[in-house]
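Residue numbers begin at 1 in each chain, while the letters A, B, ... track the order of the sequences.
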Amino acid sequence: MPELPEVETIKETLKRLVINKTITDVSVYWPNIVKRPDDAEQFKHRLAGQTIRDIGRKGKFLLFQLDDAVLVSHLRMEGKYSVHPSNEPVKKHTHVILAFSDGEELRYNDVRKFGTMHVFDKGEELVHKPLNQLGPDPFDAAFTAEYLYQRLKKTERSIKTVLLDQTVVAGLGNIYVDETLFKANVHPLRKASRLKKREVKAIWEAAIATLREAVEMGGTTIRSYVNSQGDMGMFQQELFVYGRESEPCKMCGKPIVKMKIGGRGTHVCVACQEMK
DNA sequence: CATAAAACCTGCAGGC
DNA sequence: TGCCTGCAGGTTTTAT
């Protein structure tokens, strides 16, 4: 389930594979993936003839920078990109194919079909959904402890729920929120508005540190994630709470507890992360 | 307005 | 063996 570190890793591996390749043909096998333009034929026309000049990332979105368009792609839970010779058999769950002039293809595979693609004229992508509502990237200078404090102060929601809100900060998902709150010693059910400034600062530091470390390790492979070259991430070895229900806390030895918060599975060490 | 829940999908684990 | 239920998860849409 790609969150920021996984998308960042995918972006970097993909760059080496498709930069300067020219799209000659586009196939769409599951049209619901394509959200803009809403017609698959127009989508194909918009991409055909374009060369991939660069690949960027905003939060969990990949941005394929083309000559005069931008393809904005979200992988949701299980979306994957990979590059193959065009004569290689197409796997099950491959829903979109960009064929290049050199005989290779960029294939989008997504078991759950939740991923999305939007094409915009260059420069338009930031003022329309889905990118226009995104909060700062955690690695952006605009993401400061003070900014986070101001945002948290205004909501009665639990800190767990707020950190998953992409309009507050873009890129954290279920795994890294649980890890961040553990590292900051904050219980996920704490009301965001009641957190002390020093607690918010601890959360801010823990989020950036956790994400940076995960990027360095190529992301976390829990169930199915691999980068665009098929490599697994290594950060799962570093997880303190996520996926460790009933296992001993690496800090205090008490069993990790799993609970549901805002409909999401949430892992917590109730000894290390005080409710107060 | 704020917040919660449903919907989108498929595969897989667990119960019977 | 196999059917049925529930769960997983990011985001948007719909309901409260």
Task: Verify stack between A:Phe114 ring and B:dC8 base, 5.5 Å, 30 degrees - done: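 Yes, the aromatic ring of A:Phe114 stacks with the base.
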Counting only side-chain N and O atoms of [X], is one of them less than 4.0 Å from OP1 or OP2 of [N]?
{"X": "A:His93", "N": "B:dT10", "result": "no"}
{"X": "A:Lys113", "N": "B:dC8", "result": "no"}
{"X": "A:Lys260", "N": "C:dC7", "result": "no"}

So, the side chain of [X] versus the backbone of [Y]: is there a donor-acceptor pair under 3.5 Å, distance only?
{"X": "A:Asp178", "Y": "A:His267", "value": "yes"}
{"X": "A:Glu12", "Y": "A:Val7", "value": "no"}
{"X": "A:Glu3", "Y": "A:Lys60", "value": "no"}

Are any non-hydrogen side-chain atoms of [X] and [Y] less than 4.5 angstrom apart?
{"X": "A:Ile97", "Y": "A:Val26", "value": "no"}
{"X": "A:Val72", "Y": "A:Leu62", "value": "no"}
{"X": "A:Asp110", "Y": "A:Trp30", "value": "no"}
{"X": "A:Leu47", "Y": "A:Val119", "value": "yes"}

- [ ] Have a look at A:Lys35 and say if it touches a base, only the backbone sugar-phosphate, or nothing, with a 4.0 Å heavy-atom cut-off.
- [x]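 Answer is nothing: A:Lys35 stays at 4.0 Å or more from every strand.
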Task: Sugar-phosphate, base or nothing in reach of A:Asn32, heavy atoms under 4.0 Å - done: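 Here A:Asn32 touches the backbone only, sparing every base.
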Length of the [atom1]-[atom2] vector between [X] and [N], whole Å:
{"X": "A:Arg76", "N": "B:dC8", "atom1": "CZ", "atom2": "P", "result": "13 Å"}
{"X": "A:Leu164", "N": "B:dA5", "atom1": "CG", "atom2": "P", "result": "15 Å"}
{"X": "A:His74", "N": "B:dC8", "atom1": "NE2", "atom2": "P", "result": "19 Å"}
{"X": "A:Lys58", "N": "C:dT11", "atom1": "NZ", "atom2": "P", "result": "13 Å"}
{"X": "A:Met259", "N": "C:dC7", "atom1": "CE", "atom2": "C1'", "result": "18 Å"}
{"X": "A:Phe61", "N": "C:dT11", "atom1": "CZ", "atom2": "C1'", "result": "8 Å"}
{"X": "A:Leu131", "N": "C:dT11", "atom1": "CG", "atom2": "P", "result": "11 Å"}
{"X": "A:Glu3", "N": "C:dA8", "atom1": "CD", "atom2": "P", "result": "15 Å"}

TODO: Output the single nucleotide from C:dT11, C:dA8, B:dG11 whose closest atom is nearest the side chain of A:Tyr242.
DONE: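 Selected nucleotide (nearest to the side chain): C:dA8.
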TODO: Tell me, yes or no, whether the heavy-atom count around A:Arg194 atom CZ, taken from other residues, nucleotides or ligands under 6.0 Å, exceeds 12.
DONE: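 It does not: A:Arg194 CZ has 12 such atoms or fewer within range.
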- [ ] Quick one: pull up CG in A:Leu211 and CG in A:Leu4 and give me the separation to the nearest 0.5 Å.
- [x]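 Reported value, rounded in 0.5 Å steps: 5.5 Å.
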Task: Inter-residue atom distance A:Glu247.CD - A:Leu239.CG, 0.5 Å rounding - done: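 It is 10.5 Å, given to the nearest 0.5 Å.
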Close N or O pairs between protein and nucleotides 2-4 of chain B (under 3.5 Å):
unit_1	atom_1	unit_2	atom_2	d
B:dT3	OP1	A:Thr155	OG1	3.4
B:dT3	OP1	A:Glu156	N	3.0
B:dT3	OP2	A:Thr155	OG1	3.0

Distances under 3.5 Å between protein N/O atoms and the N/O atoms of nucleotides 13-15 of chain C, please, pair by pair.
unit_1	atom_1	unit_2	atom_2	d
C:dT13	OP2	A:Lys129	NZ	3.0

